[in-house]
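A, B, ... follow the sequence lines: proteins, then strands. Residue 1 opens every chain.
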Amino acid sequence: MPAITLPDGSVKQFDAPVTALEVAESIGPRLAQAAVGCRVDGEVRDLSTTLGADCRLEIITETRKGESGKNEPDPDALFLVRHSCAHVMAEAIQRVVPGAQLVYGPPLETGFYYDIRFPDDRPLKEGDFEAVEKEMANIVKEDRPFTRYELDPNEGMTKLKAEGSKYKLDNAERALAASGPEAKLSFYATGEPGKNWEDLCRGPHVPSTGRIGAFKVMSLASSYWHGDENSDRLTRVYGTAFFKPADLQQHLDNIEEAKRRGHRVLGKQLGLFHFDEAVGQGLILWTPAGSTIRKELQNFIAEELRQQGYSEIFTPHIGRLDLYRTSGHFPYYAESQYPPIVPREELSRLAQEGCSCAELGNLMASGEIDGYMLKPMNCPHHIKVFASRQHSYRDLPVRLAEFGTVYRWEQSGEIGGMTRVRGFTQDDAHLFCTQDQLDEELQGCLSLVKIIFDALGMEDYRVRIGLRDPDSSKYTGDPSNWDKAEAACRAAAKTLGKPFVEEPGEAAFYGPKIDFVVKDVIGREWQLGTVQVDYNLPERFGLSYIGPDNKPHRPVMIHRAPFGSMERFIGVLIEHFAGAFPAWLSPEQVRVLPISDKTAAYATKVESALKARRVRVSTDDSSGRVQAKIKAAADEKVPYMLVVGPRDEESNTVSVRARGIQKDLGAMPLDDFVKALDTEIATRGKETVVSKFA
RNA sequence: GCCGCUAUAGCUCAGUGGUAGAGCGCACCCUUGGUAAGGGUGAGGUCAAGGGUUCAAAUCCCUUUAGCGGCUCCA
């Protein structure tokens with residue numbers, strides 16, 4: 001008879017099998033009332049689960065005791081509520097839109113979705129949300145129990161076939177295939193089986209619909225069955241649910257707040273960049289303010305590159321198609337590139353030969369045409385720089401760096417903000433080295449990442465190593481070199497002192513890689529930089545160096561763009577700093593705020609003294625009061641405000657106010673401020689003006 | 001590319017078929033004020049573009065372009 005071990009270590013003996021709910025009741029009525037599910041030996045289950053054998057049991061309630069001893073939300077509890085709410089929403093939707101076929105509805109970290117196939121003549125629109133939510137409210141109000149029952153595979157499949165949903169049949173087949181021979185199919189009725197709405201589902205669920213305290217239908221998206229774009233198009237309905245209306249409201253407020261902190265909003269507010277329909281989708285126009293940030297950041301990176309023995313080069317934005325045939329990028333990636341630029345002569349020659357528009361299109365797509373391409377990557381150009389002279393092993397490694405602008409034809413629906421664009425500038429470099437040098441070169445690449453992330457205070461990134469599939473033949477290069485390269489990637493990643501994940505099968509076909517991934521304000525992950533080992537391109541381009549044996553050898557290449565693109569990186573950086581850039585990066589570093597016209601001359605003197613040290617400074621000589629000038633400078637996130645009035649003029653001081661500090665820091669001799677700011681900028685914020693007041 | 005939503009002044013947004021609005025910003029005038037919005041006057045619009053319905057369209061319909069949230073993709 002079951003002995004149930006509770007989280008506090010105590011053991012309860014029962015004479016006969018009991019349900020988790022009965023155990024909860026035996027502990028206390030309040031616990032039983034608060035319970036939404038349970039964990040049996042760590043696995044989340046229904047509260048109605050019958051316990052026939054010894055086990056560890058935890059009753060799941062909205063909150064649990066955290067490690068600190070304080071109550072914290074139990075993620076499994078929300079998971080149960082949301083998974084259950086997905087059923088409630090699905091039932092409601094089927095009431096609103098008869099004929100809607102359910103596909104798959106899992107909980108997510110912030111809610112849930114249900115993929116649904118709607119009749120072609122009756123898609124779901126946002127305007128339907130109100131009706132759906134009303135139905136949901138009714139179902140919740142009825143407080144119907146979630147009732148689980150199981151059928152053996154034959155019965156279950158017969159039932160599903162009778163219902164006629166190929167999606168549910170498919171789900172059932174997959175579920176059976178994934179589990180053992182005694183598998184059963186489980187169904188959940190929202191109420192009484194056979195009488196109320198039900199769904200094929202593995203569960204678990206909360207005891208009844210009334211436990212869903214607050215919910216909202218959020219948005220619509222299209223999706224593909226099994227994620228396959230050639231398969232059926234489905235409509236994905238997103239929703240979320242919480243225990244309490246206040247939690248839902250908090251969640252909605254957080255979403256609004258995140259939007260305000262997003263780089264698109266801040267970028268517009270601060271005038272950092274601009275998109276223009278007339279220029280084209282995904283093509284960024286950097287305004288003066290944004291350009292300043294980018295330039296300062298590039299200068300910083302370039303300084304570090306020089307120190308690490310890189311040579312900076314410049315190469316053109318376009319190149320002949322032939323180059324990309326050699327590299328293998330064309331026509332393989334033709335669809336994600338801007339179409340080739342075909343010279344006039346070539347076009348008229350083809351026209352004279354009677355080439356039709358359709359034929360021309362085919363020639364363009366297959367690349368059987370002479371022309372140029374906007375470069376989709378920088379490596380071929382860099383390789384040609386490397387190959388422009390003969391190299392001795394003594395020259396290696398050769399490290400060629402360029403802030404190289406590339407163009408890619410991203411799908412129109414994918415483009416947005418600065419994080420996904422069609423023209424972008426990589427902080428690119430290609431290293432040509434011997435196999436023996438690989439280890440050290442990879443570590444060098446990563447140390448650069450560390451230096452720059454540290455300087456910017458970016459700690460919230462993760463590292464991912466892409467390795468080859470053990471049993472795949474799709475990779476080029478000698479397996480023993482792969483082993484070495486993978487070991488080198490691992491060793492290099494360790495030097496970062498960050499946890500990293502290894503993902504087999506995620507390598508490029510030409511070599512393993514290390515990626516850096518960060519999150520944006522709404523929690524989406526973006527890949528920033530990448531460091532990739534490449535055995536393929538040196539082969540394709542026949543690269544060589546002369547070894548100590550006086551014979552030609554093949555170099556190994558490393559592609560590395562540790563910050564990915566300036567566009568994406570600065571987009572992420574805007575959010576990282578919430579628009580309040582440190583002084584060295586700030587478009588405007590200081591604003592002088594004269595109390596009145598009477599101090600205009602002194603304000604000019606202050607401005608000139610700063611300009612002489614190349615500080616980006618302006619003077620607010622508007623006729624408003626100083627309070628208004630402070631408000632304006634604060635809104636524009638200027639790091640330092642210098643209020644100057646007759647008192648300052650007399651003593652040759654400035655009254656300093658730093659961004660983010662709500663009060664006047666006090667007066668400081670003008671010369672001291674200039675020096676202190678100079679130091680702050682030169683040290684990139686390691687020593688600050690503010691610290692002088694401490 | 002797919003689904004949904006959206007597009008009105010430099011910005012944020014109101015405007016349900018009948019003369020285009022507000023706040024902020026901008027210009028000018030008054031105010032010369034010591035630490036987060038002083039007051040007044042004024043300029044500024046082919047209502048994203050194109051087509052349609054209508055006596056009449058910012059408003060209804062279609063197409064296109066662009067933005068947002070997802071899906072798919074991302075060398």
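- Put simply, CZ on A:R117 is 12 Å from P on B:C3, counting in whole angstrom units.
- Here A:Y510 and A:H559 bring their ring centres to under 6.0 angstrom of each other.
- For A:S327 and B:A75, a side-chain-to-base donor-acceptor distance below 3.5 Å is absent, hydrogens and geometry of angles not being considered.
- Comment: A:E410 engages A:R420 in a salt bridge, judged by a side-chain N to carboxylate O separation of less than 4.0 angstrom.
- Side-chain polar atoms of A:E607 and A:T619 form a donor-acceptor pair below 3.5 angstrom.
- Counting to the nearest Å, the P atom of B:A75 and the NE2 atom of A:H430 are 14 Å from each other.
- The 5' end of RNA chain B is approached more closely, in terms of each residue's nearest nucleotide, by A:E229 than by the other of A:E229 and A:Q527.
- Atom-to-atom, CH2 of A:W526 to C1' of B:C73 comes out at 12 Å; the value is rounded to the nearest Å.
- Mapping A:E126 and A:W409 onto RNA chain B by nearest heavy atom places A:E126 closer to the 5' end of the strand.
- Between A:F242 and A:H251, a ring centre-to-centre spacing shorter than 6.0 Å is recorded.
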What protein N or O atoms touch nucleotides 64-70 of chain B N or O atoms at under 3.5 angstrom, if any, and at what distances?
unit_1, atom_1, unit_2, atom_2, d
B:U65, O2', A:E277, OE1, 3.0
B:G67, OP2, A:Q281, NE2, 2.7
B:C68, OP1, A:R264, NE, 2.4
B:C68, OP1, A:G417, N, 3.1
B:G69, OP1, A:R524, NH2, 3.2
B:G69, OP2, A:R264, NH2, 3.1
B:G69, N2, A:L220, O, 2.4
B:G70, OP2, A:R524, NH1, 2.6
B:G70, O3', A:Y238, OH, 3.3
B:G70, O2', A:Y238, OH, 2.7
B:G70, O6, A:G413, O, 3.3
B:G70, N2, A:S222, N, 3.0
B:G70, N2, A:S222, O, 3.0
B:G70, N2, A:S222, OG, 3.3

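- Between the CZ atom of A:R233 and the P atom of B:G4 there is a distance of 12 Å, given to the nearest Å.
- Side chain of A:S651 to main chain of A:R647: a donor-acceptor pair is present (N/O by atom type, distance under 3.5 Å, no hydrogens or angles).
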_Canonical and wobble pairing (Watson-Crick, G-U, under 3.5 Å) of RNA chain B, dot-bracket with |_ = (((((((..((((....[..)))).(((((.......))))).....(((((..]....))))))))))))....
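- Taking atom C1' on both B:A36 and B:A43, the two are 29 Å apart, rounded to the nearest angstrom.
- Between A:D515 and A:K513 there is a salt bridge, with a side-chain nitrogen of the basic residue lying less than 4.0 Å from a carboxylate oxygen of the acidic one.
- The CG atom of A:N230 sits 14 Å away from the P atom of B:C2 (whole-angstrom rounding).
- A donor N or O paired with an acceptor N or O is not found under 3.5 Å between the base of B:C73 and the side-chain atoms of A:R408.
- Within the cation-pi definition used here (under 6.0 Å to the ring centroid, within 45° of the axis), A:R236 qualifies as a partner of A:Y113.
- Taking a cutoff of 4.0 Å between a charged side-chain nitrogen and a carboxylate oxygen, A:E135 and A:R95 qualify as a salt bridge.
- The only member of A:E486, A:E502, A:E506 that meets salt bridge (charged side-chain N to carboxylate O under 4.0 Å, His left out) when paired with A:R468 is A:E486.
- The gap from the C1' atom of B:A14 to that of B:A20 amounts to 11 Å, rounded to the nearest Å.
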*Contact state string [nucleotides 31-47 of chain B, B base, S sugar-phosphate only, - no protein heavy atom under 4.0 Å]*: BBBBBBBB---------
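- For the pair A:E256 CD and B:U12 P, the computed distance is 14 Å after rounding to whole Å.
- Counting any heavy atom pair closer than 4.0 Å across all strands shown, A:Y510 reaches sugar-phosphate atoms only and no base atom.
- B:A22 and B:G15 have their P atoms separated by 15 Å, with the value rounded to a whole Å.
- B:A57 sits 6 Å from B:G17 when the C1' atoms are compared, rounded to a whole Å.
- For the C1' atoms, the distance from B:U53 to B:C5 is 25 Å, rounded to whole Å.
- In this structure, A:D115 places its CG atom 11 Å from C1' of B:C3, rounding to the nearest Å.
- Nucleotides B:G34 and B:U19, compared at atom P, are 50 Å apart to the nearest Å.
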*Given ring pair (Phe, Tyr, Trp, His ring centres under 6.0 Å), test A:Y338 with A:W409 step by step and report yes or no.*
CA-CA 5 Å; A:Y338 278 84; A:W409 188 261; 5.0 Å; yes
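- Comparing B:U63 with B:G21, their P atoms are spaced 32 Å from each other, to the whole Å.
- Rounded to whole Å, the distance from CZ on A:F424 to P on B:A75 is 10 Å.
- Note on A:D232 versus A:K166: salt bridge recorded, some NZ/NE/NH1/NH2 to OD/OE distance being below 4.0 Å.
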